[in-house]
Q: 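Take this structure, written in structure tokens, and hold onto it; I'll ask about it next.
Bear in mind the structure is a predicted one, so any value in this text is a computation, not a measurement. Atoms within a ligand are numbered from 1 in the order they appear, just like the ligands themselves.
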Amino acid sequence: MRKALGLMLMLAVLLGLTGCSEKQENAENPKLLLGFSQLGSESSYRIGNTKDIEEQAAACGISLMMKNANQKQENQIADIRSLIAYRVDVIAFSPIVEEGWDTVLTEAKKAGIPVVLVDRTIQTRDESLYAAQIGSDFYKEGVMAAEYLIRKADRMELDQIRIVEIRGTENSTPMKQRQQGFMDTIAGDARMRVLDSVDGDFLRSRGAECMRKMLETYGDQIDAVFSHNDEMTIGALPEIEAAGYTPGKDILLISIDGGQDAIDLLKEGKINCIVECTPKLGAVLMETAMKLKRGETVERVIHPEEQVFTDEQDLSQLAPRGY
Ligand code: GYE
């Protein structure tokens, strides 16, 4: 009995790791060609997401056609068109921005190819243009970032926190929802004041540039930076130091993603809070693609579980992040 239980447990762990119940092709798991249009390689999140999708496809015996649009919506539309022409079984993509997909997705629908949105979502008048969306709850991420700042103000008995925000790519889902969640949460707290909000496009170089300019404009008025991803946070850090401030102390830093480099900086005390945004969506994507291929219904929206890492915790035992 104990042996059987142990075996079952091991199987469950293995399944959890690969996300697949069957590798070989059979009636239950027909051969599947998945086309994926990645939006670019702007961050460790994105690189981790691409790697995870490749690994999970391989683990499930799914053939993958991976495209990279290098941060341009027109490239992404062209990539989706080529996946339609290739007649893949399922198309998945991470939409760089929310608007402008109806034409190409109508083409996919006419070709009878189901579409899965991964990571970000879209705005459309025709909800039937995609079957499912697998991605983080970005609004909740913004809320968690703001909640940390409120706790910090309580703990340090601060009577005001002047904030600058470095936003992700304009009109992208994470940029819009993280901002909304954050602003809604600080709105009820009179200590919080937003000095400025600028577009850093999720890029390290832009994070640095934005920070430099804001330090020139606001100098020592800046108490906290809310940066929409680790990449921009890592870009901003040396600018803060170069201006003579100690990151994590003179200026509080709040970031999103939770890649290894940022976690290391949190452990060093240079970043105060990181809200996790996991790029590991591959296993759920494979499962969803297989269900679509079999003609089964799938869950419309799937959010992964996420946590917050802060200077309030002991992170010495934290497992390697893998991105
Ligand atoms: O936070 C950022 C990336 O869409 C959730 O895109 C993703 C964001 C992620 O470039 O680092």
Q: Of all residues at least two apart in sequence or in a different chain, which pass the ring pair (Phe, Tyr, Trp, His ring centres under 6.0 Å) check with Phe226?
A: Phe182, His228
Q: Decide yes or no on side chain to side chain contact (heavy atoms under 4.5 Å, CB included) for Thr310 and Arg151, but give the supporting numbers first.
A: CA-CA 11 Å; Thr310 75; Arg151 284 201 303 280; 4.1 Å; yes
Q: Between ligand 1 and the protein, which N/O pairs are shorter than 3.5 Å?
A:
residue, atom, partner, partner atom, Å
ligand 1, 1 (O), Arg178, NH1, 3.0
ligand 1, 1 (O), Arg178, NH2, 3.1
ligand 1, 1 (O), Asp257, OD1, 2.6
ligand 1, 4 (O), Arg46, NH2, 3.2
ligand 1, 4 (O), Asp119, OD1, 2.9
ligand 1, 4 (O), Asp119, OD2, 2.9
ligand 1, 4 (O), Arg120, NE, 2.7
ligand 1, 4 (O), Arg120, NH2, 3.3
ligand 1, 6 (O), Arg46, NH2, 3.0
ligand 1, 6 (O), Arg120, NH2, 2.8
ligand 1, 10 (O), Glu42, OE2, 2.4
ligand 1, 10 (O), Ser43, OG, 3.0
ligand 1, 11 (O), Ser43, OG, 3.2
ligand 1, 11 (O), Asn229, ND2, 2.8
ligand 1, 11 (O), Asp257, OD2, 2.6

Q: Lys109: which residues meet the side chain to side chain contact (heavy atoms under 4.5 Å, CB included) condition with it, sequence neighbours left out?
A: Asp126, Ser128, Leu129
Q: Just jot down the side chain to side chain contact (heavy atoms under 4.5 Å, CB included) partners of Glu54, sequence neighbours excluded, or say none.
A: Thr50, Leu64, Met66
Q: Search all heavy atoms of Thr278 against all heavy atoms of Tyr323 and return the closest pair with its distance.
A: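 That closest heavy-atom pairing would be CA-OH, 4.1 Å.
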Q: I'd like to know if the side chain of Arg120 reaches the main chain of Ile96, judged simply by a donor and an acceptor atom lying under 3.5 Å from each other, with no hydrogens or angles considered.
A: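 Side chain of Arg120 to backbone of Ile96: a pair is present.
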